[in-house]
Protein chains: 2
Amino acid sequence: METTKKRSDCPLSCSLDIFGDKWSLLIIRDLLFLKKSTYNDFLKSAESIATNILASRLKALEENGLIEKLEHPDSKAKILYRLTQKGIDLLPILMEVYSWADKYLTIPADIKATIEEAKKDRDKFISQVTTELNIK
Amino acid sequence: METTKKRSDCPLSCSLDIFGDKWSLLIIRDLLFLKKSTYNDFLKSAESIATNILASRLKALEENGLIEKLEHPDSKAKILYRLTQKGIDLLPILMEVYSWADKYLTIPADIKATIEEAKKDRDKFISQVTTELNIK
DNA sequence: CCGCATCCCTATAGATACTG
DNA sequence: CAGTATCTATAGGGATGCGG
């Protein structure tokens, strides 16, 4: 069922086989920027993902080594999802998408400001986000 | 039918609504790098897209202003697909995906060499590809 | 509560055959 | 050559159930 056979040897094609859908990168976004880390956090996101879809994406993301499951410090009942380095390294891709969207789509003003701030010193922004995630 | 209602105001979410599927970026790749420009060119790609999917993606890409349809210089029967600037500007995103894939996936040696060459002088590579496409 | 799993139903993706 | 038509498979939405 989770065979995910690759369509070709093309690196782009293989990458899209992993995160080329409408939901995976939104989960990555939540983990990268929005300090979300539990199942219910993701469920509450603006795009309102269905529970079965979320479960299947989390499983796929974990199988592909982009995220990992940990015990939540607050409660035994909770699970904490965290990005691996492989997952964190999707950040530059997301930044380019934001940058493209900033140029061609209509963006809420506050988000627009953040994007342009991040673009100004891209490397600094990347290391900042990365460090933050690694500390946690 | 092509209502493509957006799921949220998030620029990433909106971008994924446009090209966040397993095929659109492969068509963009074909146009950007592989000098493909007709329906049958795309059909022949390694991933072997189905004809109806190709048709629907081309339509969506055109509606979203990423590509445009032109008369083919060789034949009246042919249609030439070309990237708009909005489409060409997806190149930085693709390059980051290639870069990520280069780090984490198993890549054919020749493609790996090309990726790393392009990364060395990224801006030059981008302007080179862009110029080439604009000339045609 | 929390993290799913399951079921049911609909919508979209996709494979294949065929057409203007 | 550039698509449709038709059919089937999978993705996805929404409600609910259930063990820890």
Side-chain angles (χ1 to χ4, degrees), chain A residues 1-8 13 16-27 30-31 35-64 67-82, chain B residues 1-8 13 16-28 30-31 34-64 67-82:
Chain A
M1 173 178 146
E2 286 292 343
T3 29
T4 317
K5 55 171 182 246
K6 56 197 249 181
R7 295 171 289 172
S8 79
S13 164
L16 293 176
D17 287 339
I18 296 173
F19 55 77
D21 68 275
K22 294 204 180 303
W23 294 109
S24 296
L25 289 182
L26 294 182
I27 297 173
D30 287 352
L31 286 160
K35 316 289 173 214
K36 304 198 171 195
S37 57
T38 70
Y39 195 89
N40 267 296
D41 286 343
F42 303 133
L43 272 187
K44 282 178 211 142
S45 282
E47 295 82 12
S48 51
I49 188 170
T51 69
N52 54 342
I53 307 298
L54 176 57
S56 83
R57 286 313 122 96
L58 288 172
K59 190 181 169 208
L61 287 172
E62 195 194 0
E63 284 174 353
N64 284 306
I67 63 173
E68 56 191 351
K69 293 167 82 164
L70 301 168
E71 286 179 15
H72 200 288
D74 294 356
S75 154
K76 271 285 184 190
K78 285 170 124 180
I79 289 175
L80 187 137
Y81 291 95
R82 193 173 66 173
Chain B
M1 171 182 147
E2 284 294 341
T3 29
T4 317
K5 55 169 185 249
K6 55 199 252 182
R7 293 171 290 172
S8 80
S13 164
L16 293 176
D17 287 339
I18 296 174
F19 55 78
D21 67 276
K22 295 204 180 301
W23 294 108
S24 297
L25 289 182
L26 294 182
I27 298 173
I28 303 291
D30 287 353
L31 286 160
L34 305 181
K35 315 292 175 213
K36 303 198 173 195
S37 56
T38 70
Y39 194 91
N40 267 294
D41 286 343
F42 303 133
L43 273 187
K44 282 177 212 143
S45 282
E47 296 83 11
S48 52
I49 188 171
T51 69
N52 55 343
I53 306 298
L54 176 57
S56 85
R57 286 312 124 93
L58 288 173
K59 189 181 169 208
L61 288 173
E62 195 194 359
E63 284 174 353
N64 284 308
I67 64 173
E68 55 192 351
K69 291 167 83 162
L70 301 168
E71 287 179 14
H72 199 288
D74 294 354
S75 154
K76 271 284 183 191
K78 286 171 124 180
I79 289 175
L80 187 137
Y81 290 95
R82 194 173 64 175

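In what follows, chains carry the letters A, B, and so on, assigned in the order in which the sequence lines appear, proteins first and then strands, with residues in each chain numbered from 1.
Residue A:Arg57 has no polar side-chain atom (N or O) positioned under 4.0 Å from OP1 or OP2 of D:dA11. Residue A:Lys22 places none of its side-chain N or O atoms closer than 4.0 Å to OP1 or OP2 of D:dG13.
At whole-Å resolution of the value, CG in A:Leu54 and P in D:dA11 are 16 Å apart. Rounded to whole Å, atom C1' of D:dG12 lies 17 Å from atom NZ of A:Lys59. Between A:Lys44 atom NZ and C:dC1 atom P the separation is 11 Å, expressed in whole Å. In this structure, B:Glu62 atom CD and D:dG3 atom C1' are separated by 13 Å, rounded to whole Å. Rounded to an integer number of Å, the gap from A:Ile79 CD1 to C:dC1 P is 18 Å. The CG-P distance, from A:Asp41 to C:dC2, rounds to 10 Å in whole Å. Per the geometry, OH belonging to B:Tyr81 stands 14 Å off P belonging to D:dC1, to the nearest Å. Distance, B:Leu58 CG to D:dC1 P: 15 Å, rounded to whole Å.
To the nearest 0.5 Å, atoms NZ (B:Lys36) and OG1 (B:Thr38) are separated by 9.0 Å. In this structure, the separation between CG on B:Leu43 and CG on B:Asp30 is 10.5 Å, given to the nearest 0.5 Å.
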* To do: For nucleotides 15-20 of chain C, just jot down a letter per nucleotide in 5' to 3' order: B, S or -, based on protein non-hydrogen atoms under 4.0 Å.
  => BBB---
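The B:Asn40 side chain lies nearest to D:dA2 when the options are C:dA13, D:dA2, C:dA5. Here D:dG3 is the nucleotide among D:dG3, D:dA2, D:dA11 with the atom lying nearest to any side-chain atom of B:Ala55.
Panel note: side chain A:Lys6, backbone A:Ser13; no donor-acceptor pair is recorded below 3.5 Å. With hydrogens and angles disregarded, no donor-acceptor distance shorter than 3.5 Å links the side chain of B:Tyr39 to the backbone of B:Tyr81. Put simply, the side chain of B:Arg57 never gets that close to the backbone of B:Asp21: no donor and acceptor are under 3.5 Å apart. Using modelled atom types, one side-chain atom of B:Ser75 and one backbone atom of B:Ala77 make a donor-acceptor pair closer than 3.5 Å.
The residue B:Lys76 sits apart from the nucleic acid: no heavy atom pair falls under 4.0 Å. Among the heavy atoms of the strands lying under 4.0 Å from A:Thr38 are primed sugar atoms or P, OP1, OP2 only; no base atom is included.
Here the side chains of A:Leu80 and A:Asp74 are not in contact, with every heavy-atom distance at 4.5 Å or above.
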